[in-house]
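Each remark here refers to the structure printed beneath this line.
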Amino acid sequence: TNLSGAAQAAAAERSVRDEIPGRIVRVLVRPGDTVKQNQALIVQEAMKMELTLRAPGDAVVAAVHVSEGAQVEAECLLGTWLSAESGQRG
């Protein structure tokens with residue numbers, strides 16, 4: 001089956017989600033930024049601890065869905081990215 005570029009990108013979309021409710025302290029990237037594996041993306045404060053969400057692989061940030069100071073619930077979508085290797089959302 002041939003999928004359009006948009007359909008392929010949507011099918012391969014990757015996202016960053018938080019694990020527990022908390023407050024976004026810092027957003028360290030913006031759309032278009034190139035990031036490396038384990039690079040810090042977002043810092044969240046939860047239960048009086050700062051948690052750093054990191055890139056799972058080399059990628060280009062496609063979108064950031066939160067801003068500093070935002071309160072987020074568990075499993076909230078924080079950002080999406082494009083895989084650096086394939087050009088697909090990752």
Answer yes or no: is there a donor N or O on one side and an acceptor on the other, between the side chain of D58 and the main chain of K36, under 3.5 Å?
-> no
Quick check: does any side chain N or O of Q44 sit under 3.5 Å from a backbone N or O of I20, one acting as donor and the other as acceptor?
-> yes
May I have the step-by-step check of side-chain contact (heavy atoms from CB on, under 4.5 Å) for T80 and H65, ending in yes or no?
-> CA-CA 8 Å; T80 54; H65 304 287; 3.7 Å; yes
So how far is it from [X] [atom1] to [Y] [atom2], rounded to the nearest 0.5 Å?
{"X": "L28", "Y": "L53", "atom1": "CG", "atom2": "CG", "result": "10.0 Å"}
{"X": "R30", "Y": "L41", "atom1": "CZ", "atom2": "CG", "result": "14.5 Å"}
{"X": "R54", "Y": "I42", "atom1": "CZ", "atom2": "CD1", "result": "12.5 Å"}

Sequence neighbours excluded and cut-off under 3.5 Å, please list the side-chain donor-acceptor pairs for residues 68-75, or say none.
| residue | atom | partner | partner atom | Å |
| --- | --- | --- | --- | --- |
| E68 | OE2 | V27 | N | 3.1 |

Ignoring hydrogens, what is the shortest heavy-atom contact between [X] and [Y]? Give both atom names and the distance.
{"X": "P56", "Y": "W81", "value": "CG-CZ2, 3.5 Å"}
{"X": "V35", "Y": "A55", "value": "CG2-CB, 3.9 Å"}
{"X": "V29", "Y": "A40", "value": "CG1-O, 4.2 Å"}
{"X": "P31", "Y": "A63", "value": "CG-CA, 4.1 Å"}
{"X": "G22", "Y": "A46", "value": "CA-CB, 4.3 Å"}

Within 6.0 angstrom of M47 CE, more than 12 heavy atoms from elsewhere = no
